[in-house]
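Okay, so here's the structure we're looking at.
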Amino acid sequence: IEYSSDGGVTWQTWSHTASTGTSATVTGLTPGTNYQFRVTAVNGIGASVATTPSAPVAATAQPVASVPNNLPRNIEVSKKVDTSDGKVVFGGDNMEAVKIVMMNNVEAIILTRTPKSLTASIPKEVLGWVNVEFITTSGSIRFESLIYVENVKANQIAKLRLGFTIPRVLNEASSKRLTAVGSKFTSAKTATCVGYYSDRITRKVALANARTACELISGRNRKAATRLAVTKQPQHASVVVYFNY
């Protein structure tokens with residue numbers, strides 16, 4: 001396929017993959033400019049003589065798919081949400097258009113919303129890293145690991161991340177972190193230490209990691225009953241501890 005914008009004086013070949021189709025949309029032209037076209041057939045023997053040039057045709061602009069304009073944009077929120085009241089506030093544009101908020105695929109109740117802000121309750125099932133999806137009448141937009149919920153009053157469970165970079169070995173940074181957040185669990189009645197295992201981490205190692213975490217907790221809160229568990233559900237640390245009060 002060739003095209004000319006100077007009445008057939010010069011011709012340019014449209015770069016494309018040849019096909020057996022009987023029509024094609026030529027792109028890369030200047031809207032409003034008149035073009036003439038001619039076509040050459042090609043087979044195993046070679047190329048034919050070009051067809052007679054077409055009548056001049058004005059190029060039109062390629063239609064652009066419309067983008068929903070009421071999806072929330074420029075979302076702002078604290079990554080780590082310690083919500084004693086069980087709420088979280090999202091800032092951004094077009095927040096009044098949000099009809100549904102999903103947190104880890106669980107619907108959250110929208111409490112208030114304005115063009116620049118939205119307040120939602122955090123479902124009691126949601127703890128740790130949370131994927132948040134905002135749904136409007138035009139579509140939805142999803143943010144992976146948008147917030148980290150550390151404490152929710154509604155279910156009286158705190159989730160604490162303990163990162164062990166070396167299995168069964170506590171380094172100085174881990175000990176300092178545990179001491180810094182000691183107030184979170186000194187009044188806990190039970191502590192459930194959950195170790196993560198995968199194709200590279202065996203259940204035995206995951207259980208040993210969980211036991212190490214619970215031993216640390218017992219040393220600082222002897223009244224708390226400790227429990228061990230393992231999971232293959234991805235976590236953001238090798239050990240996650242749930243505290244019941």
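In what follows, every heavy atom counts, from backbone to side chain, and hydrogens, waters and symmetry copies are set aside.
Counting all heavy atoms, side chain and backbone alike, I45 lies closest to N43 at N-OD1, 2.9 Å. Across all their heavy atoms, G8 and W11 have their closest contact at O-NE1, 3.1 Å. Heavy atoms only, all atoms of each residue included: Y197 and R203 are closest at OH-NH1, 3.1 Å. Taking both residues in full, the closest heavy atoms of I201 and A206 are given as CG2-N, 4.2 Å, listed atom of the first, atom of the second, then distance. Contact between I1 and V26 at its shortest, heavy atoms only, is CG2-CG2, 4.1 Å. Between P31 and L29, the shortest heavy-atom distance links the atoms CD-O, 3.4 Å.
Without hydrogens or angle criteria, Q36 side chain to S54 main chain gives a donor-acceptor distance under 3.5 Å.
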Do any side-chain atoms of residues 95-112 form donor-acceptor pairs under 3.5 angstrom with protein atoms, and if so which ones, sequence neighbours left out?
unit_1	atom_1	unit_2	atom_2	d
N104	OD1	N131	N	2.7
N104	ND2	W129	O	3.3
T112	OG1	T119	OG1	3.2

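Taking OG of S4 as the start and CZ of R38 as the end, the distance is 8.0 Å to the nearest 0.5 Å. Taken to the nearest 0.5 Å, the OG atom of S117 stands 10.0 Å off from the CZ atom of F90. Between the CZ atom in F134 and the CG atom in L118 there is a gap of 6.5 Å [rounded to 0.5 Å]. In this structure, CG on N209 lies 11.0 Å from CG on L228, to the nearest 0.5 angstrom. In this structure, CZ on R227 lies 11.0 Å from SG on C193, to the nearest 0.5 angstrom. Expressed to the nearest 0.5 Å, how far CG of L146 lies from CD of E133 amounts to 12.0 Å.
The list of ring-ring contact (aromatic ring centres under 6.0 Å, His included) pairs with a residue in residues 20-43, not counting sequence neighbours, reads Y3-Y35. Among residue pairs with one or both ends in residues 91-124, none qualify as ring-ring contact (aromatic ring centres under 6.0 Å, His included); sequence neighbours excluded.
Of the listed residues (N94, N74, D93), just one forms a side chain to side chain donor-acceptor pair (under 3.5 Å) with K116, and that residue is D93.
In terms of hydrophobic clustering, with Ile, Leu, Val, Met, Phe, Trp and Tyr side chains grouped at heavy-atom distances under 4.5 Å, I135 and V88 are assigned to different clusters. A single hydrophobic cluster is seen to contain both F143 and V77, as judged by linkage of ILVMFWY side chains at heavy-atom distances under 4.5 Å, directly or through other members.
At least one side-chain heavy atom of T136 sits under 4.5 Å from a side-chain heavy atom of P72.
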